[in-house]
Protein chains: 2
Amino acid sequence: MRMAVRTLREETAPELACPVSPVVDIVFSRWTTPILWTLHAHGRQRFVELERRITSITPKVLTQRLRRLERDGLVTRTYHPEVPPRVEYEISALGLTLAPLFAHLADWAAGHLPEVERARERYDEAPNR
Amino acid sequence: MRMAVRTLREETAPELACPVSPVVDIVFSRWTTPILWTLHAHGRQRFVELERRITSITPKVLTQRLRRLERDGLVTRTYHPEVPPRVEYEISALGLTLAPLFAHLADWAAGHLPEVERARERYDEAPNR
DNA sequence: CAGTATCCCAGATGATACTG
DNA sequence: CAGTATCATCTGGGATACTG
């Protein structure tokens, strides 16, 4: 069949070469860190509050990300059947286990981001190419 | 002007809500962790070696990612003008500072990935929706 | 060997409008 | 309020072929 090559590619995913890839897929896909960070910084909050704090996200995408985080068990969603409806999002116990990791990330950023910036300038100024 | 709205969205990037976003952009975009991991695990190596170890990547994409990693100062590229040409890639000193972070990631994966898996099963089996 | 050059497409993202 | 529905966009990858 003609999908043989494609199937082969799909089967040999990057995870095979890198044990941290699965975590990356779960925790570091677009918008997930701002969401988790905001939830962690401001505690349990409603949909609109998240929307307001993460200024550039659209409701559609926010919903998608929250659903995924909920499915992965990192966030809990509580629906209060009132009028108007009220929904609250909160980091789960599992999600909280990421906190040290995020702190580690922030530390690295504080210590090494300037160096990355300098490397970029050097690269961009380089005469070759 | 009609790009006003678009510009507004672009200016208010997710970084504003999350100090770790910049790191995510640099270190956790697709293919970068397998590349860094392979480089770290097997030391300095040539283009083809990377290609062979990260089985599902295409040469075009591998080149793109390596260029970006080089620009960010995480990887060094050494060109040997021989026939046939020989190019070697290696993790830089700056790139090595990520090692503890990656170890942390791997630890988290080992400890919590199963729980994520169970959460997914629960979510998918749930009767609602 | 170490890449470029093309062509192409799916899926992610966004703008906008609507609803229980 | 908390989303959903729809439509438009767009670009990151991928397949494939070629070159210094």
Side-chain angles (χ1 to χ4, degrees), chain A residues 1-14 21 24-25 28-32 34-35 39 44-70 75-90 128-129, chain B residues 1-14 21 24-25 28-35 44-70 75-90 128-129:
Chain A
M1 356 166 162
R2 69 176 45 195
M3 291 187 64
V5 173
R6 183 176 198 177
T7 304
L8 190 62
R9 284 228 180 270
E10 281 169 357
E11 282 171 353
T12 53
S21 286
V24 174
D25 287 342
F28 299 107
S29 42
R30 194 158 150 74
W31 293 116
T32 58
I35 292 173
L39 243 20
R44 167 187 306 195
Q45 56 202 290
R46 308 174 65 164
F47 189 86
V48 262
E49 300 182 276
L50 283 168
E51 209 177 348
R52 274 194 278 265
R53 288 192 169 109
I54 307 168
T55 47
S56 53
I57 200 168
T58 59
K60 187 185 95 174
V61 175
L62 180 55
T63 303
Q64 289 174 347
R65 299 287 100 179
L66 284 171
R67 289 286 180 281
R68 183 166 173 184
L69 288 168
E70 189 194 357
V75 160
T76 61
R77 176 183 184 270
T78 313
Y79 176 76
H80 304 272
E82 310 167 351
V83 189
R86 189 161 56 91
V87 176
E88 290 184 312
Y89 292 94
E90 189 176 16
N128 54 318
R129 181 148 320 275
Chain B
M1 347 156 176
R2 67 178 44 192
M3 290 187 66
V5 173
R6 183 174 200 181
T7 305
L8 191 63
R9 285 234 178 264
E10 280 170 358
E11 280 171 355
T12 52
S21 285
V24 174
D25 287 343
F28 299 109
S29 42
R30 193 160 151 76
W31 292 117
T32 59
T33 60
I35 291 172
R44 168 186 304 193
Q45 57 201 288
R46 308 174 67 165
F47 190 87
V48 262
E49 299 181 275
L50 283 167
E51 209 177 346
R52 274 195 277 266
R53 288 192 169 109
I54 307 169
T55 47
S56 53
I57 199 167
T58 59
K60 186 186 96 174
V61 175
L62 180 55
T63 303
Q64 288 174 347
R65 299 288 102 178
L66 285 171
R67 288 288 180 280
R68 183 166 172 184
L69 287 168
E70 188 194 359
V75 160
T76 61
R77 175 181 184 271
T78 313
Y79 177 76
H80 304 273
E82 311 168 350
V83 190
R86 188 162 55 92
V87 175
E88 290 184 311
Y89 292 93
E90 188 176 15
N128 53 321
R129 182 148 317 273

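Order of the sequence lines fixes the chain letters, A, B, ..., with proteins taken first and strands second; residue numbering starts at 1 for each chain.
B/Q64 has its CD atom 11 Å from the C1' atom of C/dT4, to the nearest Å. Rounded to whole Å, atom P of C/dG3 lies 13 Å from atom CD1 of B/I57. Taking atom CD on A/E70 and atom C1' on D/dA2, their separation rounds to 14 Å, with Å as the unit. The distance from atom NE2 of A/H80 to atom P of D/dA2 is 10 Å, rounded to the nearest whole Å. With rounding to whole Å, B/E82 atom CD is found 16 Å from C/dG3 atom C1'. A straight line from CD1 of A/I35 to C1' of C/dT13 spans 14 Å, rounded to a whole angstrom. Going from atom CD of B/Q45 over to atom P of C/dC1 covers 15 Å, rounded to whole Å. If you take CD of A/E49 and P of D/dA2, they are 8 Å apart, rounded to a whole angstrom.
Contact annotation: A/R46 side-chain N/O to D/dA2 OP1/OP2 distance is under 4.0 Å. A sub-4.0 Å separation between OP1 or OP2 of C/dA2 and a side-chain N or O of B/R77 is absent. Look at B/R30 and you'll find a side-chain N or O under 4.0 angstrom from OP1 or OP2 of D/dG14.
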Between A/L62 and A/W31, is a side chain to side chain contact (heavy atoms under 4.5 Å, CB included) present by the stated rule, with each step listed?
CA-CA 8 Å; A/L62 180 55; A/W31 293 116; over 6 Å; no
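Looking only at side-chain heavy atoms (C-beta outward), B/F47 and B/L66 come within less than 4.5 Å of each other. Within the 4.5 Å cutoff, side-chain heavy atoms of B/R65 are placed close to those of B/S29.
Note: B/F28 and A/F28 have parallel aromatic rings, judged against thresholds of 30 and 60 degrees for the angle between ring planes.
Candidate nucleotides C/dG3, D/dG13, C/dC1 were compared by shortest atom distance to the side chain of B/V61, and D/dG13 ranks first. Proximity note for A/R67 (side chain, C-beta onward) versus D/dG3, C/dG14, C/dT4: the nearest is D/dG3. For A/P85, whose side chain is taken as the heavy atoms from C-beta onward, the closest listed nucleotide among C/dT13, D/dG13, D/dA2 is D/dA2. Counting only heavy atoms from C-beta on, B/Y89 has its side chain closest to C/dG3 among D/dC1, C/dG3, D/dG14.
Taking only distance into account, the side chain of B/K60 never meets the base of C/dG3 through a donor-acceptor pair shorter than 3.5 Å.
Screening A/V48, A/T55, A/I54, A/L50 for a side-chain contact (heavy atoms from CB on, under 4.5 Å) with A/R52, the sole residue that qualifies is A/V48.
Nucleotide D/dC1 is matched to C/dG20 when pairs are restricted to Watson-Crick or G-U wobble geometry with both distances under 3.5 angstrom.
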